[in-house]
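All chains are named by letter (A, B, ...) in the order of the sequence lines, taking the proteins before the strands, and each is independently numbered beginning at 1. Here the structure is a predicted model, which means the values were calculated and not measured.
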There are 2 protein chains.
Amino acid sequence: MARPSRFDLPQLLDAAVRLAAESGPSGVTMSAVAATVGAPSGSLYHRFAGRSALLAEVWLRTVEDFQEGYFAALESSDDPRAGGRAASRHVVAWSRGHPQEAALLLYGAHEFGRDDWSEEHLLRADEGNMQVRAAVAALAGALGLHGRLALERVSLAVIDLPLSLVRRHLRAGEALPPHAEELAEQCTDALLAGG
Amino acid sequence: MARPSRFDLPQLLDAAVRLAAESGPSGVTMSAVAATVGAPSGSLYHRFAGRSALLAEVWLRTVEDFQEGYFAALESSDDPRAGGRAASRHVVAWSRGHPQEAALLLYGAHEFGRDDWSEEHLLRADEGNMQVRAAVAALAGALGLHGRLALERVSLAVIDLPLSLVRRHLRAGEALPPHAEELAEQCTDALLAGG
DNA sequence: ACTATATTAGAGAGGCATCTCTAGAACGTC
DNA sequence: GACGTTCTAGAGATGCCTCTCTAATATAGT
């Protein structure tokens, strides 16, 4: 009942990911995305309300793809400490498998124009954040750790630390070294060990 | 022998820092800096070769100010592990004392237009990086740790981990909690402990 | 006072990006 | 095969930013 689209949504978002990985969020302009896929700017504005909407979609699609595997890893074992290790390893392994998407994650929602997002997009983002917070809190509880300080330590161990490892290499323009997963797992374990 | 300047360099860089902390590096436009201090754009271009030069100066001044105290902390004790703890604590304490500059550090040289910097600015940046690398390598040696993996673990412990802690809070728009220094020190120590 | 010099002062050209608007093309359906 | 819908297509208005250029101005030294 309608004309078929030459430029579908995933294709446009893929182009945006590539641009973001290469030149950062500021490189993701409507013109640049259009030029990458060979579409006129009108087609882009037909699909996205504006640049903010495009940025939000790229960011959310990437984060949600990442988080899917992350949660699975975190809950992959009955031993909470093993779950923490698996989660840490997943951060590195996923980044190795998706270097462009990982480069994107190292920025933040803020740099993807979060302040200009629609209510809908903000809701989607919040939902993911809440899930992460809940999962980490559950992990801390299972480890017998309580209090704000302990919670923060667990967050560092299973989120920020492995992300730091990825950042260190990607920001330097290198690929992740072969031992990165091992290192992340060991460091996470060291942080989860001491109370 | 010359007309006195109404707008001196530190004043302009301070304005740039404020803008970067508020809206990121992309918010540091020549017009914005000029408007902040009330200067016409001509005065800015008299002092800086262009926007890249301004960005480089802000970034380098901030990094160098940070590193000064960082090195002092790292070498503050004969016990290398105590030095590592002090360095970690310094990252957090300095960030608490200089929240705007810290927000700036959480971006990276790349986002401050490093690709467009002059040879001079690149040299200044490299010098700082080499010093850090050397200091961390010395710390690893003093701890009896050798090899790439160990070196990377030490880097994570004394650089990336405390920076992650700062990032976690500043990105969320919060101030650093009172216990942040303690937490950073403990986590760094935990990572330096296991071989 | 005069000169040399460093700086302010600001208008304006040129470029790039966002977004709007109108026209037309392709497809399923009746 | 005509119709309605969805999309492509791209020209153009608007705005911001970088950077240049020229003129004016204030100070120190002679």
- Query: Closer than 4.0 Å, any side-chain N/O of Arg51(A) to the OP1 or OP2 of dT18(C)?
  - Reply: yes
- To the nearest Å, give me how far apart CD (Gln11(B)) and C1' (dT7(C)) are. 14 Å
- Query: With a cut-off of under 6.0 Å to the ring centre and 45° to the axis, is Arg171(A) in cation-pi contact with Tyr107(A)?
  - Reply: yes
- Under 3.5 Å: donor-acceptor pair, side chain of Arg51(B), backbone of Val28(B): yes
- Task: Check if the side chain of Arg3(B) and the base of dT27(D) share a donor-acceptor pair of N or O atoms closer than 3.5 Å.
- Result: no
- CG of Leu54(B) versus P of dC17(D): gap in Å, rounded? 14 Å
- Query: Given atom CG of Leu44(A) and atom P of dC7(D), what is their separation to the nearest angstrom?
  - Reply: 13 Å
- Query: Heavy atoms, side chains only, cut-off 4.5 Å: are Arg153(A) and Leu145(A) in contact?
  - Reply: no
- Note on the structure: Heavy-atom nearest nucleotide on DNA chain C taken for Pro40(B) and for Pro4(B); more 5' hit belongs to Pro4(B)
- Item | Donor-acceptor side-chain pairing of Ser43(B) and His46(B) below 3.5 angstrom | no
- Message: Side chain of His46(B) only, heavy atoms from C-beta on: which candidate in dA6(C), dT8(D), dA17(C) is closest?
- Response: dA6(C)
- Out of dT8(C), dT8(D), dC19(D), minimum distance to the side chain of Ser5(A) belongs to dT8(D)
- Query: Any idea which of dT8(C), dA9(D), dT18(C) is nearest the Phe7(A) side chain?
  - Reply: dA9(D)
- For Pro178(B) against Arg96(B), the heavy-atom pair lying closest together: O-NH2, 3.6 Å
- Send over the distance from Leu55(B) CG to dT18(D) P, rounded to a whole Å. 9 Å
- Does dT25(D) have OP1 or OP2 sitting under 4.0 Å from an N or O in the side chain of Arg6(B)? no
- What's the closest nucleotide to the Ser31(A) side chain, out of dC7(D), dA17(C), dT8(C)? dA17(C)
- Query: Which nucleotide sits closest to the side chain of Met30(B): dA26(D), dT8(C), dT18(D)?
  - Reply: dT18(D)
- Query: Would you say dA6(C) has OP1 or OP2 under 4.0 Å from some side-chain N or O of Arg47(B)?
  - Reply: no
- Here the distance between atom P of dT18(C) and atom CG of Asp116(A), to the nearest Å, is 13 Å
- Item | Candidate nucleotides dA11(D), dT18(C), dT18(D), ranked by approach to the side chain of Thr29(B) - the nearest | dT18(D)
